[in-house]
Trainee: 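Here's a structure for you.
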Amino acid sequence: MTANTDNIFDIVIVGAGAVGCAVARELSGFDLKIAVLEKESDVAAGTSGRNSAVVHAGFNNKPGSLMAKLCVEGNEGFEKVCSQLDVPYKKTGKLIVAFDESDFAGIDQLMENGRKNGVKGLEFVDAHTVKKLEPHVGGIGAMLSPNTAITSPFIYTVALAENAAQNGVEFYFETEVNGISKRDGLFRLTAGKRHFFSRYIINSAGLYSDRIAALAGDKGYEIHPCRGEYFILDKRTSQYLNMPVYPVPRPGLGGLGVHLTPTVEGNILIGPSAEYIKSKSDYSATKGVMDQLFKEAKELLPALEMKHIIRSYTGIRSKLVGPKTGGYGDFIIEESGVVPGLVNLIGIESPGLTASVPIGRMVRDIIAGREELVPKKDFIAERKGITPFRELTLEQKEKLIKECPEYGEIVCRCEGITKKEILDAINNPLGVTTLAGIKYRARPMMGRCQGGYCLTRIVDILKEQKGIEPEQVTLRGNNSKLFTGRVK
């Protein structure tokens, strides 16, 4: 198979998570032809869309590590990026709560880590101050991190991708790379029956980054999947929590312990657990773990009740350290020593979301070390998202309805999502038409009834707008159809 100009790129990025899309956006500022290949039907389909949505401050990471450096750098610049890309962002602060005196040593260590990493504003607060900040939370003291924030990982990743696409990056979904070879300085990536040719490969495949590296000829890596399970609570619980609340982390765990996190939309997340598993695609929720999750969450926030739960989900961390060691490895961000032109981003677990933009800059610098990068004169730095109708004033709502009657039709009653927002989600710049893609862009099906009211209405709109018959509607692309046929 010979290459033609349509499938020859300067750079191919494998993986459309937050990091891959941040790399795409960063490199889209230069005169380069770039493609992003993603095996799923949308961006943020893996770890990037299945986490706690916290913008970390950087005190959990080992001093001197790349993970620590990029987390602090990412935290300091995150608000600006969200402003440019029209992404929800809220600086809430965070509490690391002690429940007995043995936890104070852990807090001392976190504060020392933070000091070495350059994290600003960390302070110890007593039980009285904890109650003042979080009246419903227990504990005998805590560390306060004022610069921790929350965001929407879905919209953040979508925004990075859309902005990259505005600047000429081409996205290919349901395009799983299953072969890589190199000849005469040009990589050939095989994805199904398609071939892509590129001078550079950016390996940002998350859980599968070890596989992509091996396909390219660099076989020195192994990713250990570590599953975290979560509960999502009804918005009525928002009165119980103002900021993320974590326990003091215990040594040897694959994560930071079960914690409570408010979302920018008003829900509360419980989780995650941390359990090493064998399969990188096992997103099962398990009763034993879920029971333990709720038990530990109730210790943090006694007001919680089972009736507050509306949904559960799981995410999987891509860890470089296995279960025998536990804890954290460091980010690997470097050009392969055995395959020139292959840039590996491996072991990018939490705080990968926070560090995504600085990681993009590191990749830019790696490429710039090999050749001169010419900036685009017409680079577009900003992106406008879908207008959240429910957050507007009455006057603003009335004005929009006069301009566009679709704003006057509510499709999702739980979340107050209008038909215009659904239309904007369906007609997104990346061309995604799955139900999950619509859900993550506009928030239908995320309320108390979990789509019981709005799902069929969205299916009707998909048929009306895109000519997609109900039997062809999918949740997440191939092999996820919702309907088998008609009953009459």
Trainee: Which residue is it: K116, Q109, R115? I am looking for the one with a side-chain hydrogen bond (donor to acceptor under 3.5 Å, both in side chains) to N113.
Mentor: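 With N113 as partner, K116, Q109, R115 yield a single side-chain hydrogen bond (donor to acceptor under 3.5 Å, both in side chains), made by Q109.
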Trainee: Between R390 and I417, does the side-chain contact (heavy atoms from CB on, under 4.5 Å) criterion hold? Intermediate values first, please.
Mentor: CA-CA 7 Å; R390 64 197 174 278; I417 309 300; 3.3 Å; yes
Trainee: To check you understand the geometry: which heavy-atom pair defines the closest contact between F379 and G29, and what is its length?
Mentor: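 Scanning both residues, the minimum pair turns out to be CD1-CA, 3.5 Å.
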Trainee: In chain order, what residues pass the side chain to side chain donor-acceptor pair (under 3.5 Å) check against R236, with sequence neighbours excluded?
Mentor: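 Residues passing side chain to side chain donor-acceptor pair (under 3.5 Å) with R236: D234.
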Trainee: So which atom in V54 and which in L353 form the shortest heavy-atom distance, rounded to 0.1 Å?
Mentor: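 For V54 and L353, the tightest heavy-atom pair comes out as O-CD2, 4.4 Å.
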Trainee: So, taking the atom named CD1 in I333 and the one named CG in L66, what distance separates them when rounded to the nearest 0.5 Å?
Mentor: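 That separation rounds to 4.5 Å.
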Trainee: Please answer whether the main-chain N or O of G288 pairs with a side-chain N or O of T286 as donor and acceptor at a distance below 3.5 Å.
Mentor: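 Such a contact is absent between T286 side chain and G288 backbone.
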Trainee: Verify side-chain contact (heavy atoms from CB on, under 4.5 Å) between K91 and N147, making sure each step is shown before the conclusion.
Mentor: CA-CA 6 Å; K91 186 176 285 188; N147 291 317; 3.6 Å; yes
Trainee: If we check side-chain contact (heavy atoms from CB on, under 4.5 Å) with M243, which of these qualifies: T261, V137, L144?
Mentor: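 Of T261, V137, L144, side-chain contact (heavy atoms from CB on, under 4.5 Å) with M243 is met by L144 alone.
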Trainee: Can a donor-acceptor pair be found, under 3.5 Å and without considering hydrogens, that links the side chain of K319 to the backbone of C226?
Mentor: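 Flag not set: sc K319 to bb C226 has no pair under 3.5 Å.
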Trainee: What heavy-atom pair brings A303 and K298 nearest, and what distance separates the two atoms?
Mentor: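 Heavy atoms of A303 and K298 come nearest at C-NZ, 4.5 Å.
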Trainee: Do K69 and P358 have side-chain heavy atoms sitting under 4.5 Å apart?
Mentor: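 K69 does not reach P358 side chain to side chain.
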Trainee: Keeping D86 on the side-chain end and G385 on the backbone end, is there a donor-acceptor pair under 3.5 Å?
Mentor: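 It does hold such a pair.
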Trainee: Could you check Y156 against S356 for side chain to side chain donor-acceptor pair (under 3.5 Å), going step by step and ending with a plain yes or no?
Mentor: CA-CA 11 Å; Y156 175 69; S356 54; 2.6 Å; yes
Trainee: Taking C-beta and beyond as the side chain, do L301 and I270 meet within less than 4.5 Å on heavy atoms?
Mentor: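 The answer is no; the side chains never approach within 4.5 Å.
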Trainee: Using the salt bridge (Lys or Arg N to Asp or Glu O under 4.0 Å) definition, which of the options R476, K439, R441 pairs with D42?
Mentor: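 Answer after filtering R476, K439, R441: R441.
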Trainee: Checking side-chain contact (heavy atoms from CB on, under 4.5 Å) for the pair I223/Y208: CA distance, chi angles, key distance, verdict?
Mentor: CA-CA 7 Å; I223 292 295; Y208 301 91; over 6 Å; no
Trainee: Rounded to the nearest 0.5 Å, what separation is found between the CD1 atom of I212 and the CG atom of L189?
Mentor: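 These two atoms lie 8.0 Å from each other.
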Trainee: Check whether any side-chain heavy atom of V81 sits under 4.5 Å from a side-chain heavy atom of V87, and report yes or no.
Mentor: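 No, every pair of side-chain atoms sits at 4.5 Å or beyond.
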Trainee: Give me the atom names and distance for the closest heavy-atom approach of G266 to S238.
Mentor: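 Heavy-atom minimum between the residues: O-CB, 3.3 Å.
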Trainee: Evaluate side-chain contact (heavy atoms from CB on, under 4.5 Å) for K132 paired with V125, printing each intermediate quantity in order.
Mentor: CA-CA 10 Å; K132 186 176 180 181; V125 294; over 6 Å; no
Trainee: Do the side chain of S279 and the main chain of S281 share a donor and acceptor less than 3.5 angstrom apart?
Mentor: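 Yes.
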Trainee: Taking the side chain as every heavy atom from C-beta outward, state whether N117 and F59 have any pair of such atoms under 4.5 Å apart.
Mentor: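 With C-beta onward as the side chain, the pair stays apart.
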Trainee: Nearest 0.5 Å please: distance from the CD1 atom of I346 over to the OG atom of S209.
Mentor: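 It is 4.5 Å, given to the nearest 0.5 Å.
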Trainee: Backbone N or O of S48 within a donor-acceptor pair of the N51 side chain at under 3.5 Å?
Mentor: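 Indeed, once roles are kept as given, a pair shorter than 3.5 Å links the two residues.
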Trainee: Counting C-beta onward and ignoring hydrogens, is there a side-chain heavy-atom pair between T92 and K94 closer than 4.5 Å?
Mentor: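 The answer is no, as the side chains (C-beta and beyond) never meet within the 4.5 Å cut-off.
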Trainee: Whether the side chain of S198 engages the backbone of V12 through a donor-acceptor N/O pair (distance < 3.5 Å, no angle test) should be reported.
Mentor: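 A pair under 3.5 Å: yes.
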Trainee: Taking the side chain as every heavy atom from C-beta outward, state whether H136 and T237 have any pair of such atoms under 4.5 Å apart.
Mentor: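 H136 does not reach T237 side chain to side chain.
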Trainee: In chain order, what residues pass the side-chain contact (heavy atoms from CB on, under 4.5 Å) check against V169, with sequence neighbours excluded?
Mentor: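 side-chain contact (heavy atoms from CB on, under 4.5 Å) check on V169 returns A24, S28, I34, V36, A164, F171.
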Trainee: Which residues pass the salt bridge (charged side-chain N to carboxylate O under 4.0 Å, His left out) test with E26, sequence neighbours left out?
Mentor: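 In terms of salt bridge (charged side-chain N to carboxylate O under 4.0 Å, His left out), with neighbours along the sequence ignored, E26 is linked to R364.
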Trainee: Would a distance-only check, ignoring hydrogens and angles, find a side-chain to backbone donor-acceptor pair under 3.5 Å from N344 to S336?
Mentor: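 No; zero donor-acceptor contacts below 3.5 Å.
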Trainee: Can you tell me if T47 uses its side chain to pair, donor with acceptor, with the backbone of I316 under 3.5 Å?
Mentor: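 Confirmed, T47 side chain pairs with I316 backbone.
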Trainee: So, taking the atom named CG in L95 and the one named CG in N242, what distance separates them when rounded to the nearest 0.5 Å?
Mentor: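 CG of N242 is found 9.5 Å from CG of L95.
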Trainee: Under the 3.5 angstrom rule, does the side chain of S83 hit a backbone N or O of E79 as a donor-acceptor pair?
Mentor: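 The answer is no, because no donor-acceptor pair under 3.5 Å joins these two groups.
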Trainee: With rounding to the nearest 0.5 angstrom, report the CG to CD1 distance, N428 to I386.
Mentor: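 N428 CG to I386 CD1: 7.5 Å, rounded to 0.5 Å.
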Trainee: Please tell me if the side chains of K235 and E415 come closer than 4.5 Å, counting only heavy atoms from C-beta onward.
Mentor: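 Yes, at least one pair of side-chain atoms sits under 4.5 Å.
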Trainee: What distance separates H259 NE2 from I268 CD1, expressed to the nearest 0.5 Å?
Mentor: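 It comes to 12.5 Å.
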Trainee: Is any side-chain heavy atom of R311 less than 4.5 Å from a side-chain heavy atom of Y230?
Mentor: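 Side chain of R311 against side chain of Y230, heavy atoms only: no contact under 4.5 Å found.
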Trainee: Might you point out which heavy atoms bring Y221 and A213 nearest each other, and give the distance in Å?
Mentor: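 Scanning both residues completely, I find the closest heavy atoms to be CD1-CB, 4.0 Å.
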Trainee: With no hydrogens and no angle check, is any side-chain donor or acceptor of N75 less than 3.5 Å from a backbone partner on H56?
Mentor: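 Judged by distance alone, yes, a pair lies under 3.5 Å.
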Trainee: Minimum heavy-atom separation for G477 to E174, with atom names?
Mentor: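 That would be CA-OE2, 3.1 Å.
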Trainee: Taking the six-membered ring of Y328, is NZ or CZ of K62 closer than 6.0 Å to its centre and within 45° of its axis?
Mentor: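 Geometry flag: not set, cation outside 6.0 Å or 45°.
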